[in-house]
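Each ligand, and each atom within it, is numbered from 1 in the order the structure gives. Fair warning: this is a prediction, and the values are worked out from it, not measured in the lab.
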Amino acid sequence: MILTVTMNPSVDISYPLEKFNLDTVNRVSKVSKTPGGKGLNVTRVLKQLDDKVIATGLIGGALGMDIQEKLTEMGIENHFFEISGETRNCIAILHEGNQTEILENGPTISQSESEKFLEYFKNLVQEVEIISISGSLPNGLEDDYYSKMIQICNTYEKPVVLDCSGKALLEVLKHEYNPKVIKPNTEELSQLIGKEVSKDIGELKETLKNELFDGIEWIIVSLGADGAFAKHNDKFYKVNIPKIEVVNPVGSGDSTVAGITSAIYENASDENLLKKANTLGMLNAMEKLTGFVNLENYEKVFSKIEIVEY
Ligand code: ATP
C-alpha cells in the first residue's frame, strides 16, 4: 500500500469563460469541481496506474465531506482526519487563453488537532509500505510539522517521497529525519539555497552536493520541457526527454511524484524510476486535466526517454 498525504486539500473549481468581464456579472455553464491539492493529484495518478493507494490528510466541513465522497466514488480509499475548520475552495477562471486563480488559504489547525493527527498518522504509517507527502502546510501547523511526520516514518522504516517548498522543506532539510526523495524544480531549489540556480548541468551537479542535502538518498530536480537532473547517493543522472505537444503542464510535477513513488514501491532500477517519473510528468502535460494521464501513450513516451550518467 502507498499512503498519500494532503494536509490542505481543496475543492478545485474551474470556470471556463469566453470573456472575463471585470466589475460585472459573469455567468458560467460548464463548471467542474474536483478534489484538489497536490497530494490528491498524486493519488489520482497512482490510482490510474492501478497501484494500491490510501489518501490521508486533514479535512473539514461540507466541502471536506464532498471530497471524501468523490474520492470514494472514484474507488480511492481515503482516511482523512476531521478538523473543525472548513476545507477550502480554489477557483481557476479560464478566459481568453489565461488562467486567473483565486486560492483560499484554508482552515487554521488547532494545537490539539495538530497533535492528534500525528497519532492518527502513526497508525496509518504502520499499515503501508511507502508515504508520499505533497503540498503546503495549512495555517496553524509549525514549519517543522513535516519533519515530525517524517520522524514517525523513519521510526517504522517507511520511505518518504516529499514534494514541498519554502520553509516547510527547509525545516525538513535542517532536521535529522530524512525523506528518501525530494523533487524540487529549479525555482524551489533556488529558494532553498538562497541563490538563483540555472538549468546548467554542471551548476546543478555542484548545487546538489550542498551539505543541506546530506542524508537524502534521491534528489530529483524536475526541469519542465528539459526533463530532469537527479542525484541518487553518489550517482548523478540527466534525463533527456523527447519534444511533446503540450496541452496543460499544470500538475506535471505531481504526476512525476506519483511515478517516483510507484517506482520505489515496485523496487525499480534507477533508470526505470527516472523514466517512469518523467513519462508520467509528460503524459500529464499532454492532457487538459490536471493529475490525469492517458496510459495508452505510456510505452511510446517511455521508450524515447534517455538517461545519461554524469
Ligand atoms: P507543477 O508544479 O506544475 O506540478 P513542477 O514545476 O513541479 O510542476 P515540472 O518540472 O514542470 O514540475 O514538470 C515535471 C516533469 O513533467 C518534467 O520533469 C517533465 O518530465 C514533464 N514536463 C513538464 N512540462 C513539460 C513540457 N513542457 N514538455 C515536456 N515535458 C514536460
Examine K238 relative to Y310 and say whether NZ or CZ is less than 6.0 Å from the centre of the six-membered ring and inside a 45° cone about the ring axis. no
Scan for salt bridge (charged side-chain N to carboxylate O under 4.0 Å, His left out) pairs involving residues 300-310, sequence neighbours excluded, and state none if there are none. none
Would you mind checking which non-hydrogen protein atom is closest to [atom], with the distance to 0.1 Å?
atom: atom 1 (P) of ligand 1; value: G253 N, 3.8 Å
atom: atom 20 (O) of ligand 1; value: N278 OD1, 2.9 Å
atom: atom 6 (O) of ligand 1; value: N185 ND2, 2.8 Å
atom: atom 19 (C) of ligand 1; value: G224 O, 3.3 Å
atom: atom 7 (O) of ligand 1; value: K183 NZ, 3.0 Å
atom: atom 2 (O) of ligand 1; value: K38 NZ, 3.9 Å
atom: atom 18 (O) of ligand 1; value: G227 O, 2.8 Å
atom: atom 12 (O) of ligand 1; value: S222 OG, 3.3 Å

Numbering the atoms of ligand 1 from 1, which are under 4.0 Å from a heavy atom of [X]?
X: G281; result: 16 (O), 21 (C)
X: D254; result: 4 (O)
X: I244; result: 28 (N), 29 (C), 30 (N)
X: V246; result: 26 (C), 27 (N), 28 (N)
X: L223; result: 10 (O), 18 (O)

Just by modelled atom types, is the T261 backbone N or O under 3.5 Å from a matching donor or acceptor in the S132 side chain? no
Within the distance-only criterion (no hydrogens, no angle test), does the side chain of E188 pair as donor or acceptor with the backbone N or O of N185 below 3.5 angstrom?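 Here the side-chain-to-backbone pair exists.
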The option among S252, G251, S255 carrying the non-hydrogen atom nearest to atom 23 (C) of ligand 1 is S252
Among T256, D163, V239, which one puts a heavy atom closest to atom 15 (C) of ligand 1?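 Nearest option to atom 15 (C) of ligand 1, by heavy atoms: T256.
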Looking at G106 and N8, what are the two nearest heavy atoms and their distance?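 What the structure gives for the nearest pair is CA-OD1, 4.1 Å.
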Would you indicate whether the side-chain heavy atoms of Y265 and E129 approach each other to under 4.5 Å?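 The answer is yes; the side chains approach within 4.5 Å.
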If you measure from the Lys or Arg side-chain nitrogens to the Asp or Glu carboxylate oxygens, is any gap between K167 and E171 under 4.0 Å? no
Taking distance alone, with no angle check, do A285 and ligand 1 share an N/O pair under 3.5 Å?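 N/O-N/O distance under 3.5 Å: no.
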Verify the distance criterion only: is there a donor paired with an acceptor across the side chains of K199 and T186 at less than 3.5 Å?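 On atom types as modelled, these side chains do not qualify, holding no pair under 3.5 Å.
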Would you say H232 and E217 are linked by a side-chain donor-acceptor pair, where the criterion is simply a distance under 3.5 Å? yes
Output side-chain donor-acceptor pairs under 3.5 Å for residues 34-42, partner residues at least two apart or in another chain, one line each.
residue: K38; atom: NZ; partner: D254; partner atom: OD1; Å: 2.8
residue: N41; atom: OD1; partner: R44; partner atom: NH2; Å: 2.8
residue: N41; atom: ND2; partner: D254; partner atom: OD2; Å: 2.8

